[in-house]
Number of protein chains: 2
Amino acid sequence: MNSFSLLMAQKDFHSITTAEIAKTAEVTEGLIYKYFKDKKDLLYQILNEHFFEFQAKIENRIANEKTCVEQLEVIIFSSLESYAANRIFSKILLLEVRNSLDFFESGAYEMVRKYTRTILKIIEKGIETGELKPETNPHILWKVILGAIEHACLGEIIFGREFDIDEVATGIANIVFNGAKA
Amino acid sequence: MNSFSLLMAQKDFHSITTAEIAKTAEVTEGLIYKYFKDKKDLLYQILNEHFFEFQAKIENRIANEKTCVEQLEVIIFSSLESYAANRIFSKILLLEVRNSLDFFESGAYEMVRKYTRTILKIIEKGIETGELKPETNPHILWKVILGAIEHACLGEIIFGREFDIDEVATGIANIVFNGAKA
DNA sequence: CCAATAGGGTAAGTAACACTTACTCACAAT
DNA sequence: ATTGTGAGTAAGTGTTACTTACCCTATTGG
């Protein structure tokens, strides 16, 4: 998994050969298949590991915030921070796993779903307490937030461009919570 | 290209073999390589064709709207409509081409960039005329809108789930322009 | 009128790759 | 002493994207 991550920093999934992984890890190709079902499984396992850490960190931070808006702001900031700090994880999650249906049956995806449910609950609570507009559709709000986060990172991941996390996070939060219209 | 599109409706890019494409098109494998540089090029060409139509349609509709907000609303609605109506195109654009750097040097990507520039201009004009808040960062606003659109379609594309275009479009526009905070 | 050219098309390859098989070795538990 | 097990390997195999060398037909220019 370490060797594969190392190679993922240099090129994309399909350009990496099993021979190359084996050589970098200083084992033989056959051994890979004792630990992983196939090449994709190796990818999913890496994602799983990172996602676990990511989720634990975020849930800790959320617990420190009281209002729904503050919690969502923490999510926006922390997500951007995690994506920016861990390019390989981001690359796998945003660009490599989604095109195969296998992923959506993997354990890694189960974590994504659990995470989504947590956030939907925050939004629903915000609507209940009157913090958010009553006509808000929680699923759509979540899509707007997540979509913005992921799109903000795409340039960084694909072209290696850097961005100001604080600026982007407050920018997204401002639009989503206060609206862009004057 | 027709045969490939047909196959793309059933499975993902890497599960489709050149032999299969050739058989469906009732030609031999070799002929594919007289018309396309490689398998990826075939993918990009399909994207190119659809994107051209998509862009022409949207630019027509934009011309009919006066205010910046109305124009952006048209973009949101039309994008969702196009994605929903053309699953194969969406699948290619949102899931299959992005993981390879080749795409970002292709003609198809040049069209995406041109499209983005058009929209940025609309947003900038909206800030100038005072329709949008002066502190709005155009790039971030565009990322929020595009991210929301793309995320809204992902479920449809990946799982074949259907959604109410009108509801999602007005939902996104409401959040982005008026904000979710009460 | 016919020869040259070129484009549409094919059959039979080839190299590289993901993955498998059948095996060895070390060592711990019964 | 024997058996089982987990780590590891060497040498495959089938499939796949892509290539090569060729054929056939139709237009076009001298």
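Throughout, a chain's letter reflects where its sequence line sits, starting with A, and its residues are numbered from 1.
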- Message: Does D:dG8 have OP1 or OP2 under 4.0 Å away from a side-chain N or O of A:Y35?
- Response: yes
- Write down the distance between OH (A:Y33) and C1' (C:dC19), rounded to a whole number of angstrom. 5 Å
- Message: What is the distance, to the nearest angstrom, from the NZ atom on A:K40 to the P atom on C:dA18?
- Response: 12 Å
- Message: Once you measure the plane-to-plane angle for B:Y83 and B:F54, does it fall in the parallel (<30°), tilted (30-60°) or perpendicular (>60°) bin?
- Response: parallel
- Message: Per the salt bridge (charged side-chain N to carboxylate O under 4.0 Å, His left out) rule, what does the pair list look like for residues 58-84 of chain B, sequence neighbours excluded?
- Response: B:R61-B:E81
- Query: For B:V27 and A:K37, take the nucleotide of DNA chain C holding the closest heavy atom to each; which residue's nucleotide lies nearer the 5' end?
  - Reply: B:V27
- Task: Can you tell me the distance, in whole Å, between the CD1 atom of A:I32 and the C1' atom of D:dA7?
- Result: 14 Å
- Could you check how far CG of B:L31 sits from C1' of D:dC23, rounded to whole Å? 14 Å
- Task: Look at the side chain of B:K34 and the base of C:dG7, then say whether one donor and one acceptor between them are separated by less than 3.5 Å.
- Result: no
- Task: Identify whether any heavy atom of B:F36 sits under 4.0 Å from a base atom; if not, whether one sits that close to sugar-phosphate; answer base, sugar-phosphate or nothing.
- Result: nothing
- Whole-Å gap separating C1' (D:dT16) and CD (B:E29): 8 Å
- Of all pairs that satisfy salt bridge (charged side-chain N to carboxylate O under 4.0 Å, His left out), the ones with a partner from residues 100-121 of chain B, not counting sequence neighbours: B:K40-B:D102, B:E110-B:R113, B:E110-B:R117
- Those residues that, when tested against A:E96, pass salt bridge (Lys or Arg N to Asp or Glu O under 4.0 Å) (two or more places apart): none
- Task: Could you tell me which residues satisfy side-chain contact (heavy atoms from CB on, under 4.5 Å) with A:A108, sequence neighbours excluded, listed by chain and number?
- Result: A:L47, A:N48, A:F103, A:S106
- Item | Members of residues 2-26 of chain A that approach DNA chain D, where some heavy atom sits under 4.0 Å away | none
- Item | Partners passing salt bridge (Lys or Arg N to Asp or Glu O under 4.0 Å) against A:R161 (at least two apart in sequence or in another chain) | none
- In whole Å, what is the span from the NZ atom of B:K39 to the P atom of D:dT19? 14 Å
